*Asks:* 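Provided herewith is a single structure, encoded as structure tokens, for subsequent inquiry.
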Amino acid sequence: MTALLQEIKLSLLKLTGSVIESLPGIMFAIVILLITRYIANFTKRLATATGRRVLKSHSLRSLLTQISYVATWVAGILFACVMAFPDLGLGDIVGLLGLGSVAIGFAFQDIFKNFLAGILLLLNEPFRLGDQIIVNEYEGTIEDITIRSTQIKTYQGERVVIPNSIVFTSPVQVLTAMPHRRTDLALGIDYNTPLTKAIDILVKTVATVPGVLAAPLPEVDAVGFGDSSIDLMIRYWTLPQKVEVRQTKTRVIIALKTACEQAEIPIPYPIRTLYYYNNGQEGDRFPTSAGSDLG
């Protein structure tokens with residue numbers, strides 16, 4: 001029993017001695033991490049300033065800044081590990097990373113997937129900051145693109161954070177990719193209206209509405225015969241931003257209604273015609289005596 005206690009005591013003394021012996025290295029590693037934090041922030045600012053001078057693309061500037069920041073932290077953490085554990089060489093660290101990469105890959109595959117998708121999005125630039133997009137059921141203005149997620153601000157003032165892997169693999173509708181955007185507005189006019197005259201009036205009216213672009217020119221097409229009206233489709237172009245499309249559409253509707261009233265072009269309500277038949281008068285029923293004959 002005494003020998004066992006002596007062995008435990010010696011083991012505790014060795015453990016305490018090893019902790020005390022490695023304490024300076026651990027403290028030095030903590031200092032290195034604090035210095036790394038300062039260097040990483042400095043590197044981030046330097047990369048941002050360099051990117052503004054060298055790169056025209058905001059996405060590439062953002063990618064340079066984020067990669068520089070992450071790389072500085074990785075280098076600082078590796079150096080701190082070497083200082084904290086002197087017996088652990090750089091080759092051992094690389095080997096340890098290689099052995100753990102498979103397990104880490106399975107555990108953090110979504111994180112790595114978002115990371116790689118973010119880099120590809122920043123390099124390819126399918127959209128830029130300030131663009132208005134629709135991805136899945138979300139629509140809004142892009143606020144930020146990081147190497148992990150894409151942040152958009154909805155028109156209701158809400159922020160949506162979408163993982164980059166979803167953005168990269170989903171169809172994305174970029175509403176502001178082009179300098180102008182078309183709006184199609186349906187309108188029905190009465191069958192008795194001279195069609196050519198009405199189309200000419202509507203085209204001239206739309207062209208004078210503030211917010212409607214002069215090129216491409218507005219168009220009015222007859223698209224079909226409705227139940228109670230000739231169906232027209234007014235097509236005009238505006239700036240691509242959602243607020244421009246929405247406000248211009250309101251002005252166009254007001255202007256078209258006013259023009260139709262002034263030109264006495266009726267915009268009919270839906271009409272249903274009901275026909276009533278007198279079966280006895282039309283003779284489409286059997287006489288009373290026919291029932292007995294059939295029996």
Side-chain angles (χ1 to χ4, degrees), residues 26-84 90 93-94 97 101 104-105 108-135 138-155 157-170 172-179 239-244:
I26 295 175
M27 296 299 295
F28 191 54
I30 294 175
V31 173
I32 290 175
L33 292 177
L34 294 176
I35 296 175
T36 300
R37 180 181 178 183
Y38 172 79
I39 295 176
N41 291 330
F42 174 77
T43 304
K44 185 177 181 179
R45 292 193 298 269
L46 181 62
T48 302
T50 304
R52 288 176 180 173
R53 291 195 303 267
V54 176
L55 301 174
K56 295 181 179 180
S57 170
H58 189 281
S59 297
L60 293 179
R61 294 200 299 263
S62 177
L63 178 62
L64 176 64
T65 300
Q66 296 177 60
I67 292 294
S68 301
Y69 184 76
V70 172
T72 304
W73 268 110
V74 170
I77 291 173
L78 291 177
F79 186 57
C81 290
V82 172
M83 292 296 101
L90 183 60
I93 294 177
V94 173
L97 291 176
S101 60
I104 293 174
F108 300 99
Q109 56 180 334
D110 289 338
I111 296 177
F112 291 143
K113 186 163 56 175
N114 290 327
F115 180 82
L116 293 176
I119 292 178
L120 292 175
L121 287 174
L122 291 170
L123 287 175
N124 294 333
E125 282 192 289
F127 43 74
R128 293 168 291 181
L129 293 182
D131 274 339
Q132 294 177 344
I133 66 171
I134 300 176
V135 53
Y138 303 109
E139 179 178 356
T141 305
I142 298 177
E143 283 191 322
D144 194 12
I145 305 172
T146 68
I147 55 178
R148 293 172 297 176
S149 63
T150 298
Q151 299 179 10
I152 66 174
K153 182 179 180 181
T154 66
Y155 305 131
E158 302 168 342
R159 175 177 295 169
V160 180
V161 180
I162 308 175
N164 283 330
S165 59
I166 295 178
V167 179
F168 188 74
T169 57
S170 300
V172 179
Q173 184 176 353
V174 185
L175 304 178
T176 52
M178 303 301 173
L239 295 177
Q241 288 75 20
K242 184 74 174 183
V243 62
E244 291 289 338

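From a predicted model like this one, the values you see are computed outputs, not experimental measurements.
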*Asks:* I'd like to check Ile152 versus Ile162 (side-chain heavy atoms, cut-off strictly below 4.5 Å). Are they in contact?
*Replies:* yes
*Asks:* State, yes or no, whether a side-chain contact exists between Gln173 and Leu175 at a heavy-atom distance under 4.5 Å.
*Replies:* yes
*Asks:* Of all the heavy-atom pairs spanning Val161 and Gln151, show the shortest one and how long it is.
*Replies:* CG2-CG, 3.9 Å
*Asks:* Identify the heavy atoms of Lys44 and Thr65 that sit nearest to each other, and give their distance.
*Replies:* CG-CG2, 3.4 Å
*Asks:* To the nearest 0.5 Å, tell me how far Asp131 CG sits from Thr141 OG1.
*Replies:*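 The CG atom of Asp131 sits 9.0 Å away from the OG1 atom of Thr141.
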*Asks:* Please report the interatomic distance OG(Ser68) to CG(Leu46), rounded to the nearest 0.5 Å.
*Replies:* 8.0 Å
*Asks:* Under 3.5 Å, is there a donor on one side chain and an acceptor on the other for Asn164 and Thr150?
*Replies:* yes
*Asks:* Distance from Lys242 atom NZ to Thr176 atom OG1, nearest 0.5 Å?
*Replies:* 12.0 Å
*Asks:* Test of understanding: with side chain to side chain contact (heavy atoms under 4.5 Å, CB included), list the residues that count as partners of Lys153, not counting sequence neighbours.
*Replies:* Glu143
*Asks:* So, do Gln132 and Glu139 sit near enough that their side-chain heavy atoms are less than 4.5 Å apart?
*Replies:*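 Sidechains of Glu139 and Gln132: no contact.
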*Asks:* Between Leu33 and Gly76, which heavy-atom pair has the shortest distance, and what is it?
*Replies:* CD2-O, 4.3 Å
*Asks:* Rounded to the nearest 0.5 Å, how far apart are CG of Leu121 and OG1 of Thr146?
*Replies:* 10.0 Å
*Asks:* Can you tell me how far the CZ atom of Arg159 sits from the CG atom of Asp144, to the nearest 0.5 Å?
*Replies:* 8.5 Å
*Asks:* If only atom types and distance count, is the side chain of Asn114 paired as donor or acceptor with the main-chain N or O of Ser165 below 3.5 Å?
*Replies:* yes
*Asks:* For the residue pair Trp73 and Ala40, what are the closest heavy atoms and their distance?
*Replies:*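 Distance-wise, the nearest heavy atoms are NE1-CB, 3.6 Å.
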*Asks:* Which value, rounded to the nearest 0.5 Å, describes the distance between Ile32 atom CD1 and Ile39 atom CD1?
*Replies:*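 The distance works out to 9.5 Å.
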*Asks:* Within the structure provided, determine whether Phe168 and Lys113 are in side-chain contact (heavy-atom separation under 4.5 Å).
*Replies:* no
*Asks:* How close do Pro240 and Pro179 get, heavy atom to heavy atom, and via which atoms?
*Replies:*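 Closest heavy-atom pair between Pro240 and Pro179: CD-O, 3.3 Å.
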*Asks:* Is the count of non-hydrogen atoms from other residues, nucleotides or ligands lying under 6.0 Å from Tyr138 atom OH greater than 12?
*Replies:* no
*Asks:* Are the side chains of Val172 and Ile134 in contact, using a 4.5 Å heavy-atom criterion?
*Replies:* no
*Asks:* May I ask you to check whether over 12 heavy atoms, not counting those of Phe42, lie within 6.0 Å of atom CZ?
*Replies:* no
